[in-house]
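The first residue in the sequence is number 1, and the count goes up from there. Quick caveat, the model's predicted, so the values are computed rather than measured.
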Amino acid sequence: MTKIMKGIVSSAVVASALFFTGCGDNKGDSNQASASNESAKQTYTLKFSHVVSPNTPKGKAADYFEKRLEELTDGQIDVQVYPSSQLYKDNAVLKALKLDSVQMAAPSFSKFGKIVPQLALFDLPFLFKDIDHLHRVQDGEVGQALKDMVTAKGYKALSFWDNHFKQFSSSVKPVLMPEDAEGQKFRIMSSKVLEAQFKAVGANPQMMPFSEVYSGLQQGVIDAAENPISNIYTKKFHEVQKYLTISNHGYLGYLVVMSEKFWNSLTPDLQTKVQQAMNEATEKEREYAEALNKEQFNLIKEYAEKTGKLEIFELNQEQREAWKNAVSKIYPEFYDKDVIGKDLINKTLATE
């Protein structure tokens, strides 16, 4: 048979085979291709590093996020939570995120001070009417603007999580009116806002590491402090102070951030699922924080009733107004947009 004849026969055989394949049922082939595509899906490991214990609001919310995201992605994203500074402390985790050594963290706002100083908005005293007002700000235009600033610095800012509002405590006298703070040595974190806050009422702000606060209060190196209930209770500050004032004057919280490299490696569908899991975890975290705040405050009240060593007060509306009038005069000091910004402050005050 010549080469030409061989070619004609070969072509006929191929055409015949294609014809019968086309007429047959190809569902099996489609299913096989689909299964092959499923098995070829890229999987991801997401390490979530944080510094608190698993039974705190942040720790519980991180575990909820792990479970929920793995459900939403059918395990395509494997979330591994590392609590209690097992991987990094907050002062090192932002660098680790840049290197993609970890993929998610939830540092306190103060850790972003050199990156996005505008987060000091949350340090401004008596800026928020209540927790609902705070959440409306975080979930609205102001919160998004702050997250965008962090994202512009090479991270993916996802959500705000609560610690809670801060309260005044003192061993000298009850802090009810602004003049009660005059002359008292208040421990503060490193913050220009907090320094200005106490100077505005004649108090003496003293920067001190958190680890030294208990002994500082016990030994009289400092007279007073401001802390959320969780810090007061877990560190037993109420046992070395005579007066506690529920003032809700300032706020402590966290910003959940993700490695930019990791975020950009995800498909749009997976990014949507990450945000969904984060939104649900944020709702849970707020519930956990509120419940823990009430539970620990009740335990502090029990201590006060049993020992008689602590008096507890709560600011009334008149006292709150007096405080707000006294300390809001520091707001203009932070109108510069490279510090906090007048626009952010005014939009916060105007948020309904």
Carboxylate-amine/guanidinium proximity below 4.0 Å for D63 and K67: no
Side-chain donor/acceptor of E226 to backbone N/O of I188, under 3.5 Å: no
Heavy atoms of P125 and V193 approach each other most closely as CD-CG1, 4.2 Å
Flag, side chain of Q241 to backbone of L310, donor-acceptor distance under 3.5 Å: no
Can you tell me which residue among L344, V142, L349 is in a side chain to side chain contact (heavy atoms under 4.5 Å, CB included) with V137? V142
How far apart are the closest heavy atoms of D180 and Q184, and which atoms are they? O-NE2, 2.9 Å
So, do W323 and F168 have ring centers that fall under 6.0 Å from each other? yes
Are L315 and F198 linked, directly or through intermediate hydrophobic residues, by side-chain heavy-atom contacts shorter than 4.5 Å (ILVMFWY only)? yes
Could you tell me how the ring of Y251 sits relative to the ring of F109: parallel (under 30°), tilted (30 to 60°) or perpendicular (over 60°)? tilted
Give a yes or no answer on whether the side chain of D223 reaches the backbone of S171 with a donor-acceptor pair at less than 3.5 Å. no
In terms of relative ring orientation, are F128 and F122 parallel, tilted or perpendicular, with 30° and 60° separating the classes? parallel
Tell me every residue that passes ring-ring contact (aromatic ring centres under 6.0 Å, His included) with F334, counting only those two or more places apart in sequence or in another chain. none
The side-chain hydrogen bond (donor to acceptor under 3.5 Å, both in side chains) partner of Q167 among N248, T245, N227 is N248
List the atom of V240, the atom of Q218, and the distance in Å for their closest heavy-atom pair. CG1-CB, 3.9 Å
Run the numbers on K41 and D74 for salt bridge (Lys or Arg N to Asp or Glu O under 4.0 Å), then give the verdict. CA-CA 11 Å; K41 273 187 178 179; D74 294 322; over 6 Å; no
For a quick test of reading the model, state the closest non-hydrogen atom pair linking L46 to L69 and the distance between them. CD1-CD2, 4.2 Å
Shortest non-hydrogen separation from S53 to S84 and the atoms involved: CA-OG, 3.6 Å
Parallel, tilted or perpendicular: ring planes of F313 versus Y243, cut at 30 and 60 degrees: tilted
Please name the pair of heavy atoms, one in K111 and one in L94, separated by the smallest distance, quoted to 0.1 Å. O-CD1, 3.4 Å
Tell me yes or no: between the side chains of S110 and S108, is some donor less than 3.5 Å from an acceptor? yes
Please check this pair: side chain of R136 against backbone of E352, looking for a donor-acceptor N/O pair closer than 3.5 Å. yes
